[in-house]
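Chain A is the first sequence line, chain B the second, and so forth, proteins listed ahead of strands; every chain is numbered from 1.
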Amino acid sequence: MTGSASVSHSTKAAPRRGCVFLNLYKKGYIYRGKRIINWCPKCKTSLSDAEVEHEEQTGHFWHIRYPIVGTDDALEIATTRPETMLGDTAIAVHPDDERYKDLVGKTVILPLVNKEIPVVADEYVDMEFGTGAVKITPAHDPNDFEVGQRHNLEMVNILNDDATINENGGKYAGMDRYEAREQIVKDLEEGGYLVKVKEHIHAVGTHDRCHTTVEPMVKEQWFVRMDELAKPAIAAIEKGELRFVPERFNKTYLHWLENIHDWCISRQIWWGHRIPAYYCDECGEVVVSAQKPDKCPKCGCTHLTQDEDTLDTWFSSALWPFSTLGWPEETEDLKKFYPTSVLVTGYDIIFFWVVRMVFSGYEHTGKSPFHTVLIHGLVRDSLGRKMSKSLGNGIDPLEVIDQYGADALRLTLVTGNAPGNDMRYYNERVEASRNFANKMWNASRFILMNLDDVTLHEPDPSDLTPADRWIISRANTVAKDMTENMDKYELGIAVQKVHDFIWDEFCDWYIEIAKYRIYNKDTDPKAANCALWVLRETLKNALKLMHPFMPFVTEEIYSVLAPDDGFLMKAAWPVYQEEKNCPADEKFMTQVMEMVRGIRAVRNNMDVPPARKTRVYIQTGDEDFWTDLEPMSSSLLPLMRGHDVVRLTEDKEAAEGMVSIVFGAGTAFLPLDELVDKQAEIERLTKERERLEKELKRSAGMLNNERFLSKAPEAKVREEKEKQIRYQEMMAQVEKQLADLM
RNA sequence: GGAAGGUUAGCUCAGCUGGGAGAGCAUUCGCUUGACGUGUGAAAGGUCGCAGGUUCGAGCCCUGUACCUUCCACCA
C-alpha cells in the first residue's frame, strides 16, 4: 500500500495537494477524529455519505423484552438489527412519554450479554413509532452515536472490518453479521425474550460501487467541516454567480448543501492521493505538511510515518478547475482560463463533483469555478434501464462509432433531447443520424463535382433568382434562430433547425432547382455561375452551423470546399445580416412549394402514370408571383414531374374538365380529362372547402373579438388578418371549381 | 417522510414568450428523376393521463387527482 501510494504521487502534483490539505487543516476545516462513518465491509474502507445508496428492503422488526432490574417487569423494544444489541449501552425513551417516565434512571438487563444498561430520556425518540423505547448502540448507528455523546454512554464496537463479530460479542465472536443475527434471534426466542416478529420495509445503505450493505462504525478518520464551506456555495445561487440549466437543479443542489454533514475524506484504498499527515513514532504527534518533516516538532525524534490512507477521489477532483491551471502559482493559464464558463455534466454528478468544485473554488480562489452548469440526463437502454455491468446492457461507444461514426453518435445524443432529461438508446436513432451524415456528404459531393475546373466569381446581385435569394435568406434566418436557441442551451432545438434546413430546404428544393442552371452552363454560363456560387456559399454556412454537432464530416467537407479558409473549427459562427433577409422571396417560394406539392399530391391520388406529362395552367391575379415563376419554369420541371407551366388567361373554356389545385397565389389546372373522376374531384374539393371553412371560422372568431384586437400583440393581429385574406381567396377559388364541376 | 420529473401518433421523443398539434423510426401506396434506395414523392395515424379553473384563446399557466420514474431522508 505504501509503495503504491508513493508511486502515485508525482513530484509536481504532491506539493499542491499538500497545500490544499494543509490550508484547510490550518484553517480548522480539516480535522481528524473518532466519529461514526459508513464502512464497506467488502472494500474495507470508509465512505462519504454521497457514496451510500439507500435501497428499500423487506426485513423484520423484532420485538425484544429487556428485563427491568429490581422488578419482574420488562421493557419492550423493537429493532431491525438484533445483532447490534451486543453493543447496546442504553435504552432511550422520550422525556414526555408517560408510559416510561418512572423508568428513566433505572437500569435494564441486556439479554444474552447479561449486562446492566441505563434507561435514558432523549428527544430523539419518536413516541409514536415502535414501542416508544429504543435500544442504543452508539458504535453502530449514527443517531445512537449522538444519543451516546449526549448521555456520555460507553461505545462498544462489536464488529471486525469484514463485518464479522469481534471479541466483544462473546460467544458470537467470529460469526458473520447475518449469521450472528440468526443465532441471536434463536437464542432470544429460547430465552423467552422475543415477543414477536413483524415484516418491515426499511431503507438499507449500500456502497454505490459494490452494493454491499454498509456498516456504520466508529473509526478515527479525517473529516472536512462543511458548515462554513457550504455558505459561499449556497450564496452563489442567490447572488447569481452560479446557475443550473435547467433551473430546477438549483433546488437539488441547494437542498443538499443546506443539509450537509461533515465529509469523511480518508479512504483505506491504495489508489488516490496519500494524506499528507505524519505521525511521530515516539510521541504520536500529528504533523500535517506538504513535505515529510525531518523531525517531530514536539519531541524532536526523526522517525515519522506518513498516514497510510488516501484521499476521497472527489476531494482531489474538486480541485480540478484550478489545480490543472497551475494553482497555487499565479500562472498565465490560471489568469486566462479561471474561472471557466460552463460545466457540462450529468445530474448524478451534482453531489459528488459539482458541489465540491464550487465550494473548493470559493475557498481557494474566492470565485465559483464556472457560472453555469448545464445538466444532461443519462443514456439508458432501450427499455429505459440504467446501463450496468451486472445487467450487461451497456453500450460500448467505440463499437457504435465503428458502426455508424462518431458524428452520428454525437448527433444522436443531442437530437430530440431537452437538458436534464434521460434518453433511451436505440440503434435506429444512430442510424437516422448516420443517414443524415450520408445525405450531407452526398449533397456536398454533388456540389464539389460541379465545382471541378470551374472558376467562380461573385455574381451581381441583380443576377440572383428568387430561389437564390430565398435560400440565402433562409440560411440567414436559421443562423439567427439557432444562435438564440444555443444561447439558451436549447441544443436539441438548434440542431433540429439546421438539420431540417439542410435536408428539406437545401437538398430537396434548392439543389433540385439549381440543377437546371448547372446542366445548361454552356448555354448560360452566367446563370450557372450564379447557381454554383449560391450553392457553395450556402453549403459553407450550413457546414458552419452543423459543425458543433458533427465536427468531423463538416470539417472534412469544408477542407475540400474551401481549402484556403483554414479550419472550419476556427471559422466564425454565421451572424444574422439584415440585408440578406428577403421576406418577399420567402413568401414566393412558400407559394411555389405549396403549388408543386399540390400537383404531386393530385397526381398521386389520381394514380397518374409516371410517364404522363402535360402542361399545367396557372391562373393567378398575383403579377409578382407570375413574374418570378415564369423564368424558373424549366428549373421546376423535374420537381413538377414534367409539368411545364403556362399562364391561363381569362379564357374560361380552357379550364373546363381539368383538375384544379388551389394554392396561396392562385389555381393550377391539370388537363387530365380522361383520368378525372368527376365525383372524386367533387369530394376532394368539398373536403378542401371544409378545411378552409374551419380555418376561416377560427380566424373570424379571433378577428371579430375586440379583446383579441386590443390585447393581442399587433404582429399577431396583422398575421391573422393576412391569413384570413389568403383563406378567403382560396375559398373563392375552390367554390368556383366546385361550381364548374356541378 | 420530503422533493423533482414524466404522462403528446404504433414506438422513442421534441414542442421556445399561451396564438393554426411536430420529428425520427415503423406502416400504406408510388418512383432506375444525370449527389444520395443510408435515397425520393404521396398518404394514413393524436379526446396532448383525468377533472376543474384562469384567459378572447391552454399541450403550455393555476388547483386537484391517478399512474410511472428518479433523487433526498438518522423513525429504531
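- Distance, A:Y425 OH to B:U12 C1': 14 Å, rounded to whole Å.
- Distance check on atom P: B:A66 versus B:U28 gives 42 Å, rounded to whole Å.
- Every residue was checked against the ring pair (Phe, Tyr, Trp, His ring centres under 6.0 Å) condition with A:W39, not counting sequence neighbours, and none meets it.
- Partner assigned to B:U47 is none, using Watson-Crick or G-U wobble distances below 3.5 angstrom.
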Under a 4.0 Å heavy-atom criterion, the protein footprint on nucleotides 70-76 of chain B, written with B, S and -, is -SSBBBB

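- On the P atoms, B:U63 is 11 Å away from B:A4, given to the nearest whole Å.
- Using Watson-Crick or G-U wobble geometry with both donor-acceptor distances under 3.5 Å, B:C67 finds its partner in B:G6.
- Nucleotide B:C29: paired with B:G41 (Watson-Crick or G-U wobble, both distances less than 3.5 Å).
- For A:I493 and A:N705, each mapped to the nucleotide of RNA chain B holding its nearest heavy atom, the one lying further toward the 5' end belongs to A:I493.
- In this pair, A:Y347 and A:F249 present their aromatic rings parallel. The plane angle is below 30°, not in the 30 to 60° band.
- Salt bridge present: A:R726 and A:E594 bring a charged side-chain N and a carboxylate O closer than 4.0 Å.
- Side-chain N/O atoms of A:E512 and base N/O atoms of B:A35 include a donor-acceptor pair closer than 3.5 Å.
- The side chain of A:R445 lies closest to B:A35, out of B:A35, B:G19, B:C16.
- Closest to the A:R600 side chain, of the nucleotides B:A42, B:A35, B:C56, is B:A42.
- For A:E431 and B:U12, the CD to C1' distance is 14 Å, given to the nearest whole Å.
- Set against B:A3, B:G19, B:A14, the side chain of A:A712 has B:G19 as its closest nucleotide.
- Taking atom CE on A:M640 and atom P on B:U33, their separation rounds to 19 Å, with Å as the unit.
- Across all strands shown, B:G59 forms no Watson-Crick or G-U wobble pair with both distances under 3.5 Å.
- Checking the phosphate oxygens (OP1, OP2) of B:U40, a side-chain nitrogen or oxygen of A:K439 falls inside 4.0 Å.
- The separation between A:N417 atom CG and B:A23 atom C1' is 14 Å, rounded to whole Å.
- As judged by a 4.0 angstrom heavy-atom cut-off over every strand, A:M423 is placed among residues making no nucleic acid contact.
- The gap from the P atom of B:G59 to that of B:C48 amounts to 7 Å, rounded to the nearest Å.
- Between B:G19, B:U38, B:A35, one nucleotide has an atom nearer to the side chain of A:K515 than all others, and that is B:A35.
- Base pairing analysis places B:A23 opposite B:U12; the two distances defining the Watson-Crick or G-U wobble pair are each below 3.5 Å.
- For B:U55 and B:C71, the C1' atoms lie 36 Å apart once the distance is rounded to whole Å.
- With B:G5, B:U38, B:C25 as the candidates, the nucleotide lying closest to the side chain of A:R248 is B:G5.
- For the P atoms, the distance linking B:G41 with B:U32 amounts to 15 Å, nearest Å.
- Residue contacts for A:P638: at a heavy-atom cut-off of 4.0 Å it reaches no nucleic acid atom on any strand shown.
- Taking only side-chain atoms of A:N442, from C-beta outward, the nucleotide of B:G19, B:G5, B:C36 with the closest atom is B:C36.
- Closest contact between the side chain of A:A432 and the listed nucleotides B:A42, B:U40, B:G24 involves B:G24.
- For A:F708, whose side chain is taken as the heavy atoms from C-beta onward, the closest listed nucleotide among B:U12, B:C56, B:A4 is B:C56.
- The environment of A:E258 atom CD is dense: over 12 non-hydrogen atoms of other residues, nucleotides or ligands sit within 6.0 angstrom.
- Of the options A:F549, A:F506, A:F436, a ring-ring contact (aromatic ring centres under 6.0 Å, His included) to A:H499 is made by A:F436 and by none of the others.
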Under 3.5 Å, which donor-acceptor pairs link side chains of residues 405-412 of chain A to any protein atom two or more places apart or in another chain?
from, atom 1, to, atom 2, distance (Å)
A:D407, OD1, A:F552, N, 3.2
A:D407, OD2, A:F552, N, 3.2
A:D407, OD2, A:V553, N, 2.6
A:R410, NE, A:P548, O, 3.0
A:R410, NH2, A:P548, O, 3.1
A:T412, OG1, A:A408, O, 2.6
A:T412, OG1, A:S433, OG, 2.7

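- Considering only side-chain N and O atoms, A:K251 lies nowhere under 4.0 angstrom from the phosphate OP1 or OP2 of B:A3.
- Residue A:R424 has a polar side-chain atom (N or O) positioned under 4.0 Å from OP1 or OP2 of B:C13.
- More than 12 heavy atoms of other shown residues, nucleotides or ligands fall within 6.0 angstrom of atom CZ in A:F223.
- Between the CG atom of A:N421 and the P atom of B:C13 there is a distance of 10 Å, given to the nearest Å.
- With a cut-off of 3.5 Å on both pairing distances, B:U54 has no Watson-Crick or G-U wobble partner at all.
- Here the separation of B:C61 from B:G24, taken at their C1' atoms, is 30 Å to the nearest Å.
- Rounded to whole Å, the separation between the C1' atoms of B:A14 and B:A23 comes to 7 Å.
- For the pair A:N604 CG and B:A42 P, the interatomic distance rounds to 7 Å; values are reported in whole Å.
- Looking at A:R150 and A:D122, a side-chain N of the basic residue comes within less than 4.0 Å of a carboxylate O on the acidic one, giving a salt bridge.
- The existence of a salt bridge linking A:E512 and A:K515 is confirmed by a sub-4.0 Å separation between a basic side-chain nitrogen and an acidic carboxylate oxygen.
- Few gaps surround CD on A:E719; more than 12 heavy atoms of other groups in view lie less than 6.0 Å from it.
- Straight-line distance between the P atoms of B:G49 and B:U12: roughly 15 Å, to the nearest whole Å.
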